[in-house]
Amino acid sequence: MPTRSLLFTPLVLALWLHTSNAQEKTVTGLALPPDAAPYAEQVLRIPCNNSANAVTFDFSVSVYQPYCGSNFFNDPLVTFDKALNPQPGAAESWSVADDGVTWTFILHQGLMWSDGTPVTAHDYVATFRFSADPDHAWDFAWYYTFVDKGGIKNWDEVIAGELPVEALGVRAIDDRTLEIITKGIFPPLPKIMKYAYALQKKALAEHGPYYNNEPATAVSSGPFMLESFDHGFKVVFKANPHYKGYRPPRLARIEGIYMSPATYFIAYLNNEIDTINFNDLSPADFATIERDPELLANYLRPGLIGTDYVFFDPHNPPFDNLDVRKAFAHAINREAIVKSIYGEIKAVPAHTMLMPGFPAADITGDLTDYQRFDCGLAKEHLAKAGYPNGADFPPQVMWLRNENPGIAAVYQAAAASISQCLGINIQVSNKDNKVFMDALHERPTKIALGSVAYAIDFADPINLLGIWVSSGRHSWRHQRFDEILDEASNLIGEPARRDSLFHAAERILVDDVGGAFIAHRWAGDLWRPKVRGASIRDPGPNDTYGSHSGNDWQWGDIYIGKAQ
Amino acid sequence: MLIYLAQRLLALAFVLLAVSMIVFTLMHSVPGGPFDTQQAKLPKAARENIERKYGLDKPVWQQYLNYMSHAVRFDFGIPYQQPQTTVAALIGKTWLVTLQVGIMTIIVAFGLGITAGMFAAYHQNSWVDNIVTFFSMLGVTVPNFVIAMWFILFFGVTRQWLPTGGWGKSGDCLCYDLLCSDWILPVLAYALAPMAIIARYTRASIVDVIREDYVRTARAKGLGESKVMRRHVLRNAQIPMVTALGTEIPNLITGSIFIETIFRINGLGKFFVTSTLNRDYPMIMATFLLVALLWGITFMLTDIAYTLIDPRVKLGAKKEA
């Protein structure tokens, strides 16, 4: 007996040593990195806004009412890398036919739903049809109208109920081949397919569009699946063992903890959550972050995300006068506003709509002078417009769109800078969101002077410049601008010429002062040091870090590191 | 009494009707609609489709009649914020939690507020009175969301004595989940303002009564101080207290967006704000009607309480010539 024990002991010891040294694997069979914590500890805790108006996890059901952790249950056709270039998502490749409008997307082989059935092009077709269904009344239906030529064929007619959903320019050639026909030639179409998520055709038919709201009916083709959902308290996602897509998860679970955004930072300091988005950090929180080296090192900024600007009603006095608009543009002390109101961690001064790092942006500073802060020049323009030293200039009210105090302060500072420089009276009025948007969209607009921001939807200049075309968001109109944008958006195979056309269009925009640009906002997230992964920790272009726009591949990349 | 109650209920029905008309008119007069989105206006045809789907394409008076004809059958429609449920189901689910918070708050606010007010009145102008007055001023002047943040920072983050939120889901519970540690901070933060008001009203009412001749007479008769307080002072001080304090109850049982969001309580309070901001017409109507109903019932119960406190009060009695 003692001899037998002596024989077994080295075997048991060797087995124990082998298992303790082996790298742990995830539910999809992926080995965790050597510096990862044990798989049982691969839990990321994210904050969820408990006062948000939310109804669904699925983009194709509602874009403006998303639950916390939305879009974990399906993969988009296309994703973006750190330089915002389109990369294969659910689609492994895509191509456009000679007609320039017929696009073919080939799905990856073997994509699976969590119920064991294959993901097919028919699921994407069903989802597009559901999105366009007039009875669904999708809140993002405007998007394929907004992208104009990039819109899907017959989109407008289908959402209006004039044509059946079957007439939509989307069809499945076979289980893996999806064909999308656009209204016109639109080279950046793959970029907008970042928003093409699939609902499961079968679940949609059996349980309706909210099937993912209940664990019993939820079905996922994304990296995570719904484990439990106590709305307003906690939502738990677990790694999907059937996942075969481009972002197999290293995390075992993601826990969404509902709380007020006002308490996110306290919860982070109290070790209750692992990340906070910049939108949910107050100026006071930023002040704390900037004072603490560890917090500052873990506040990761992936790039500039949007632009704050002043806009006008250019069809009525006094802003129908270009000199008045130029006076306003030159009277905004952007550097001071960024330094003292935003803080340099949150923004950079803007003289254009396209932010540095964005395709076709003005990296040489060629357009800076058009709206450079120069109070003397601003006064000259105002005098030329017939208002020397601001005399007889009608008092103005600058409308804001229900901005939080931090952003409202930026626009108040812009108004104060203009008032102080030009000797005119500008009051700021922070309006209810719906009141603001209703007035903005009226034609002619009901807002004589306003300030607002616009953030990236997709990484193409047409996205940010498109809001300035005659049929766009603002009342400013310029025929040549429209023509150039139209030409640029159709151009295939000449990227340099395309960029130069956008640059020329932007020159018109800043010179004719469609808007007076104030600042480009940095995106950013505060991460707990133990959260690792190349998607957020490795540098991107221009030495940026963190969760960049369209970075849904991070959910297959990030993991929890071993305690140091 | 029964006739009086019937009259009051009828009057309440008219009040609800008037409230419904006013709210319906106002919410349709405000610019911006429920389906205006952040970034761009919906295409005209799509907008018309949505409006048709929700009956918003009809004239406002017709929409009102449609709404009321359903509302009298307790069908309050589909909330635009959560179209997978009904307004009645959403209110039923969330109001239960809010009621729980409200009732706990009422117990704490009334219990501590009346006790503090009595002590302050009895020890008028003493240090006890000064302390009660100080905390009353603090409770009335500092908003509950500020107090909530102080509580979270001190008791939750710094000391880690209590959970920072959850309502029965993140703390320890006792007595078959009838008392939970994560109830303490929200209830105290929510109760502080009404407690302060109650303490001030109680103090003022008792100070008024304590100077009356009949109290002096009772003391002269040799009655013990506790009996004087119980039989003569408190009993007579109750009517102004009930008048003033009864109105706190509807406020407390319909919730607070601040307390509910800060302490992660999934209650009804937030819908009073989000419904208006989102132009969620069915939810706006239902929440306003609920508040009007609760106020009507509270006033009716207050009147009934008068008859119990003071036998001289007769409800519905005609004035004698």
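Only this structure's heavy atoms are used, side chains among them; waters, hydrogens and symmetry mates stay out. Quick note on labels: first sequence line is chain A, next is B, and so on, each numbered from 1.
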Legend entry - Val30(B) side chain reached by Lys434(A) side chain, heavy atoms, under 4.5 Å: no
Legend entry - Pairwise side-chain contact, Thr164(B) with Ile266(A), heavy-atom cut-off 4.5 Å (strictly under): no
Quick check: closest heavy atoms across [X] and [Y], and the distance to 0.1 Å?
{"X": "Lys270(B)", "Y": "Asn50(A)", "answer": "NZ-O, 3.1 Å"}
{"X": "Gln84(B)", "Y": "Tyr210(A)", "answer": "CB-CD1, 3.7 Å"}
{"X": "Pro31(B)", "Y": "Asp438(A)", "answer": "CB-OD2, 4.0 Å"}

[X], [atom1]: over 12 other non-hydrogen atoms inside 6.0 angstrom:
{"X": "Tyr268(A)", "atom1": "OH", "answer": "yes"}
{"X": "Glu214(A)", "atom1": "CD", "answer": "no"}
{"X": "Phe135(B)", "atom1": "CZ", "answer": "no"}
{"X": "Lys153(A)", "atom1": "NZ", "answer": "no"}

[X], part contacting chain B, at a heavy-atom distance under 4.5 Å:
{"X": "Asn402(A)", "answer": "neither"}
{"X": "Tyr67(A)", "answer": "side chain"}
{"X": "Glu272(A)", "answer": "side chain"}
{"X": "Ala54(A)", "answer": "backbone"}
{"X": "Phe233(A)", "answer": "side chain"}

Inset, instruction - Examine the side chains of Asn270(A) and Gln160(B) and answer whether a donor and an acceptor come within less than 3.5 Å of each other. - result: yes
Inset, instruction - Output the distance between atom OG (Ser260(A)) and atom CD1 (Ile265(B)), rounded to the nearest 0.5 Å. - result: 12.0 Å
Inset, instruction - Can you measure from CD1 (Ile159(A)) to CD (Glu48(B)) and round to the nearest 0.5 angstrom? - result: 11.0 Å
Legend entry - Pro444(A): side-chain contact (heavy atoms from CB on, under 4.5 Å) partners, not counting sequence neighbours: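 Pro444(A) satisfies side-chain contact (heavy atoms from CB on, under 4.5 Å) with no other residue.
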Legend entry - Carboxylate-amine/guanidinium proximity below 4.0 Å for Asp432(A) and Arg279(B):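 So Asp432(A) pairs with Arg279(B) through a salt bridge.
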Inset, instruction - Count the heavy-atom pairs under 4.5 Å between each of Asn278(B), Thr274(B), Asp280(B) and chain A, then report the option with the highest count. - result: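 Option with the greatest count: Asn278(B).
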Legend entry - Per-residue contact mode, Leu153(B) against chain A (heavy atom under 4.5 angstrom):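 Contact with chain A is through the side chain of Leu153(B) alone.
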Legend entry - Verdict with reasoning, Ile152(B) to Thr263(A), per side-chain contact (heavy atoms from CB on, under 4.5 Å): CA-CA 9 Å; Ile152(B) 287 177; Thr263(A) 62; 4.2 Å; yes
Inset, instruction - Among the options Asp156(A), Leu269(A), Asp230(A), Ile467(A), pick out the one with the most heavy-atom pairs lying under 4.5 Å from chain B. - result: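 Of Asp156(A), Leu269(A), Asp230(A), Ile467(A), Asp230(A) has the most heavy-atom pairs under 4.5 Å with chain B.
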Legend entry - Check: His231(A) main-chain N/O paired with Asn266(B) side-chain donor or acceptor under 3.5 Å: yes
